[in-house]
J.: 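The structure that follows is given in the form of structure tokens.
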Protein chains: 2
Amino acid sequence: MCPGGTPRAAAAAPPEPRVTKQRVAVGDALDTLNDFVTTQELHRLMADDGASVSLATTYRILQSLADDGLVDVLRNGDGEAIYRRCSVSAHHHHLLCRNCGKAVEIEAPAVEAWAAKTAATHGFTSVNHTVEIFGICPECSAASQPATQP
Amino acid sequence: MCPGGTPRAAAAAPPEPRVTKQRVAVGDALDTLNDFVTTQELHRLMADDGASVSLATTYRILQSLADDGLVDVLRNGDGEAIYRRCSVSAHHHHLLCRNCGKAVEIEAPAVEAWAAKTAATHGFTSVNHTVEIFGICPECSAASQPATQP
DNA sequence: CGTTAGGATGAGAAGCATTATCAACAAGCT
DNA sequence: AGCTTGTTGATAATGCTTCTCATCCTAACG
């Protein structure tokens, strides 16, 4: 996820993207969110908010932000890419509610170490890993089990 | 992945799928493989092998097998579903080569425990998790780094 | 401050994986 | 053998993501 997987040789000049209103709109929209969203969801949110950014551009900008490590990317159960601006830039993982999308950032140094050690044991290099936990958060759990018929 | 997320009430009779030649073909094809494949890849492999199973059916059968926990499913970096018949039926994870697709099955009781504890701490229920490690295996690593210019 | 070059955008088409549809077929049972 | 019902195959449909290209706008320059 966050870790840079872009071994771009330090040769070409850093092509900084231009500051356009669309880029700002996407950035603002991400700032108002605490949960992961798909590109399409973010696009609709911006449309509802008055900002008009085309879907194609939304895809482009989110991808660009992800490449630069400015947002976290992971995949939901359906294989769709979901994005979120995370508060911590360090490597971390998530505990996600399958129902409402609520996300909790978690850190697990022990897991990091385990992953690195396991990979090394098998001789793997250029390693990265995905560790995500999906479940039902307390609120959704309470809401969806109001009456349990026998 | 493997864990059954199908809280199907124990009421309906167990609808065992019929033994058709297509199902057998998919099973055989999976047995000859040691690595994860996409549905499309498996479909082409079977076609090359003389077995003619339609693409739609391949999708159906793989999904069915996955539902029954007979094969492992996970997502590659592109979000595509990839399948593999695993030797151990217990819950486990994988160390995957990004280059050649080689997969190593790994077990991590400590990680399981950590995931369960973390979820419980935040009050999450119906929890499952994904833990996959991607990297470059020793062989690919050696092959792609023949000469290291200073 | 006006001009300019090239990256960025928008709208729609295109690409691709996956799923749905539905008539024809065949596995398993009596 | 005959019947019932789950399966299959071919194709259409769906939906996410990427590509194309004419137009627009940012950033830099004169």
Side-chain angles (χ1 to χ4, degrees), chain A residues 8 12-30 36-68 70-84 101, chain B residues 1 6 8 12-30 36-68 70-84 101:
Chain A
R8 174 188 304 169
E16 291 179 29
R18 294 182 180 173
V19 179
T20 65
K21 65 178 182 183
Q22 288 86 351
R23 252 188 153 63
V24 173
V26 170
D28 287 348
L30 285 172
F36 281 87
V37 288
T38 63
T39 306
Q40 313 246 356
E41 286 168 348
L42 191 69
H43 174 247
R44 186 176 319 166
L45 286 173
M46 289 191 295
D48 292 346
D49 214 48
S52 88
V53 177
S54 81
L55 184 57
T57 299
T58 307
Y59 272 101
R60 272 187 295 239
I61 294 178
L62 282 176
Q63 245 172 34
S64 167
L65 291 175
D67 286 345
D68 293 346
L70 297 176
V71 298
D72 266 7
V73 202
L74 52 89
R75 302 263 174 187
N76 64 13
D78 293 330
E80 298 177 340
I82 51 180
Y83 301 85
R84 177 187 177 189
Chain B
M1 64 180 50
T6 351
R8 171 190 305 169
E16 291 179 28
R18 292 181 182 175
V19 178
T20 65
K21 64 177 180 183
Q22 289 86 351
R23 248 184 156 61
V24 173
V26 169
D28 287 348
L30 285 173
F36 282 87
V37 289
T38 64
T39 306
Q40 312 247 355
E41 286 168 348
L42 192 69
H43 175 247
R44 186 176 320 165
L45 286 173
M46 290 191 295
D48 292 346
D49 215 50
S52 89
V53 178
S54 79
L55 184 56
T57 300
T58 307
Y59 271 101
R60 272 187 296 239
I61 294 178
L62 282 177
Q63 240 170 40
S64 167
L65 290 174
D67 285 346
D68 294 345
L70 299 176
V71 298
D72 266 7
V73 202
L74 52 90
R75 302 264 172 186
N76 64 13
D78 293 330
E80 298 177 342
I82 52 181
Y83 300 86
R84 177 187 178 189

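Throughout, a chain's letter reflects where its sequence line sits, starting with A, and its residues are numbered from 1.
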J.: Determine: side-chain N/O of B:Q63 to OP1/OP2 of C:dT18, distance under 4.0 Å, yes or no.
T.: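 No, B:Q63 has no side-chain N/O under 4.0 Å of OP1/OP2 on C:dT18.
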
J.: Kindly point out which of D:dG9, C:dT9, C:dG10 is positioned nearest to the side chain of A:S54?
T.: C:dG10

J.: Mind calculating the distance between CD (B:Q40) and P (C:dT19) to the nearest angstrom?
T.: 11 Å

J.: Can you check whether A:T38's main-chain N or O pairs, donor with acceptor, with A:E41's side chain at less than 3.5 Å?
T.: yes

J.: In degrees rounded to 10°, what angle is found between the helical axes fit to the five outermost pairs at each end of the helix from C:dC1-D:dG30 to C:dT30-D:dA1?
T.: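 Answer rounded to 10°: the end axes differ by 30°.
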
J.: Look at all strands and tell whether A:T58 reaches a base, only sugar-phosphate, or nothing, counting heavy atoms closer than 4.0 Å.
T.: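 If one applies the 4.0 Å heavy-atom cut-off, A:T58 turns out to touch nothing in the nucleic acid.
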
J.: Using side chain to side chain contact (heavy atoms under 4.5 Å, CB included), reason through A:I82 and A:V37 one step at a time and then give a plain yes or no.
T.: CA-CA 5 Å; A:I82 51 180; A:V37 288; over 6 Å; no

J.: Closest heavy-atom contact between A:Y83 and A:V71?
T.: CD2-CG2, 4.0 Å

J.: Without decimals, in angstroms, what is the distance between B:E80 CD and C:dT18 C1'?
T.: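 Interatomic distance, CD of B:E80 to C1' of C:dT18: 10 Å.
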
J.: Would you mind telling me which of D:dT17, C:dT18, D:dG9 lies closest to the side-chain atoms of B:A81?
T.: C:dT18

J.: Side-chain N or O of B:Y59 versus OP1/OP2 of C:dT19: is the shortest distance under 4.0 Å?
T.: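 Negative; the distance criterion is not met.
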
J.: Could you tell me whether the side chain of A:D49 and the main chain of A:A51 form a donor-acceptor pair under 3.5 Å?
T.: no

J.: Please state how far atom CG in B:D67 lies from atom P in D:dG6, giving the value in whole angstrom units.
T.: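 Taking atom P of D:dG6 as the reference, CG of B:D67 is at 17 Å.
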
J.: Going 5' to 3' along nucleotides 22-30 of chain C, which nucleotides have protein heavy atoms under 4.0 Å from the base (write B), which only from the sugar-phosphate (write S), and which from neither (write -)?
T.: ----BBS--

J.: Any idea which heavy atoms bring A:T57 and A:Q22 closest together, and the distance?
T.: CG2-CB, 4.2 Å

J.: Does A:T58 use its side chain to pair, donor to acceptor, with the backbone of A:S54 at less than 3.5 Å?
T.: yes

J.: Would you mind reading off the distance between B:L55 atom CG and D:dT11 atom P, rounded to a whole angstrom?
T.: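 In whole Å, D:dT11 P lies 13 Å from B:L55 CG.
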
J.: Over all heavy atoms of both residues, which pair between B:M46 and B:A29 is shortest? Give the atoms and the distance, please.
T.: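 B:M46 and B:A29 have their closest heavy atoms at CG-CB, 3.7 Å.
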
J.: Restricting to non-hydrogen atoms, name the atom on A:R23 and the atom on A:R18 that form the minimum distance, rounded to 0.1 Å.
T.: CD-O, 3.2 Å

J.: Under the criterion side chain to side chain contact (heavy atoms under 4.5 Å, CB included), I'd like the reasoning laid out for A:F36 against A:D72: C-alpha separation, chi angles, the key distance, then a yes or no.
T.: CA-CA 9 Å; A:F36 281 87; A:D72 266 7; 4.2 Å; yes

J.: Using whole Å, report how far CZ of A:R23 lies from P of C:dG7.
T.: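 Atom-to-atom, A:R23 to C:dG7, this comes out as 14 Å.
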
J.: Just how far, in rounded Å, is P of C:dG6 from CD of A:E16?
T.: 19 Å

J.: B:I61 CD1 to C:dT19 P: how many Å, rounded?
T.: 14 Å

J.: A:E41 has an atom CD; how far is it from atom P of D:dT17, in whole Å?
T.: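 Nearest whole value for this atom pair: 10 Å.
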
